[in-house]
Amino acid sequence: MTLLGDLSPEVFLHDYWQKKPLVVRGACPELIGLLEPDDLKELACTEGVEARLIEEHGQTPWQLSHGPFTTKRLNRLPDKSWTLLVQAVDHYLPALQEVLGRFTFLPAWRIDDVMVSLAAPQGSVGPHFDRYDVFLIQGEGTRLWQVGPAVDDSHPRLPHPQLRLLSDMPVEFEATLHPGDLLYLPPGWAHYGIAQDTCLTYSIGFRAPPLLRVLDRLVDVTLATGMDPLYTDVERSRVTHPGRLDDADVARLRRQILALLDDEYRWHTVLGELLSEPKYDDYEPQGVSVDLASLQAWLQSGLHLLRDPASRLLYSDEQGLIRCYVNGELCTSIASEVFKLLADHVSLGAEQLRDLSDTELQGVMLALHHGWYLPPLALE
Ligand code: SIN
Ligand code: CO
């Protein structure tokens, strides 16, 4: 595994993950040449694809525009100093699943998407920091990265209506990335990447559930249970100041509320549903119906089924009790052993499905029927 260079996933997680940046040379050679600049432009012109354009010297400094763009607009861009960014390219380019397969030392639910940027020489999105971990991999061209320490919202910013750009870029180190090289950045680290020539840069972006969103969902689900317990104080001692809100009462009430929220089953279902929600609300998987004979024939001829990259499958194992979630919903229609296979892999071939009975293969057919998995893809 070259992704982390000489580091094992264990050492990376212990020493770098969420702690400090890492540069790995030649980490991901398979990204080189995977996309051409024109492929990215075409995606940026497609309805439903999330795309942005940043022109450093536009009508205003660091002018931001949103896609979909017209080919004419993109072809009229100057020779320098712009960046076109396309989100969730992994949803459109199945070959990226293989690259994401290099990140299986982290839970799949932590991965947000693969954003790809196309930059003209001197192009940049400006000095900034992100709230999330990101692995930036150079696909084409050379990019100079300035990396500063972790900063926060108190760091001075340029006046800009939409972008949160740093007005001075604190530089701790510089690294020039060539095709295949990787820069890992933990949340908050200032960075400023300047294309030295035409660049394609892949950002494997991670996500972290906002804690208040989890709390909000947990409270909602708790309220919806219909239970309505009252505060109790069986072990009360006498008070001397009846007008005072006692520390003991505050502590007791706090304990009782936290106990109300601390329900193992509810935590699992709330997190299972929340973390398996698809990236885009309007995502509608397109299923195909296949019969058992066709499925078996595909597998026998060495074909692979590929997970729809936009579908999120997740399961929890609460002391042997498996619960399965797909795209934000509890799924009870697929046997848990089959579901685990579907969720742990991004591509399934005869090798993974060899030991499944015909009844279990029905679960795979259901995944195809719902569009969570896609019909065969011949992998060389
Ligand atoms: C880029 O690809 O130009 C921007 C990536 C980033 O800074 O997060
Ligand atoms: Co960034």
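Ligands are counted one by one from 1 in listed order, and the atoms in each one are counted from 1 as well. For clarity, every value in this text was computed on a predicted model and none was experimentally measured.
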**Study point:** Lys NZ or Arg CZ of K20 over Y16 ring: under 6.0 Å, within 45°
**Key:**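 Verdict for Y16: a cation-pi partner in K20.
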Can any side-chain N or O of [X] pair as donor or acceptor with the backbone N or O of [Y] at less than 3.5 Å?
X	Y	value
W109	R207	no
Q63	Q59	yes
Y315	S336	no

Exercise for review: Take the Co ion (ligand 2) as the centre and count protein N, O or S atoms at distances under 2.8 Å.
Suggested key: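 Atoms of protein N, O or S type lying less than 2.8 Å from the Co ion (ligand 2) total 3.
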Exercise for review: Would you confirm whether the ring centroid of W17 sits within less than 6.0 angstrom of the ring centroid of F206?
Suggested key: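 Under 6.0 Å, so yes.
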Review point. Does the distance from a Lys or Arg side-chain N to an Asp or Glu carboxylate O, for R323 and E264, drop under 4.0 Å?
Key: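 No.
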Point to revise | Sequence-distant partners of Y283, ring-ring contact (aromatic ring centres under 6.0 Å, His included), two or more places apart | key: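 ring-ring contact (aromatic ring centres under 6.0 Å, His included) list for Y283, sorted by chain: empty.
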Check your understanding: Are L93 and F103 connected, step by step, through hydrophobic side chains (Ile, Leu, Val, Met, Phe, Trp, Tyr) whose heavy atoms are closer than 4.5 Å?
Key ->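 L93 clusters together with F103.
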Show every donor-acceptor pair shorter than 3.5 Å between a side-chain atom in residues 209-218 and any protein atom, with sequence neighbours excluded, or say none if there are none.
| residue | atom | partner | partner atom | Å |
| --- | --- | --- | --- | --- |
| R213 | NH2 | E277 | OE1 | 3.0 |
| R217 | NH1 | E277 | OE2 | 3.4 |
| R217 | NH2 | E277 | OE2 | 2.5 |

Practice item. For ligand 1, would you mind listing the residues that have at least one heavy atom less than 4.0 Å away, ordered by chain and number? Key: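 M115, S117, V125, H128, D130, L136, R143, W145, H191, T201, S203.
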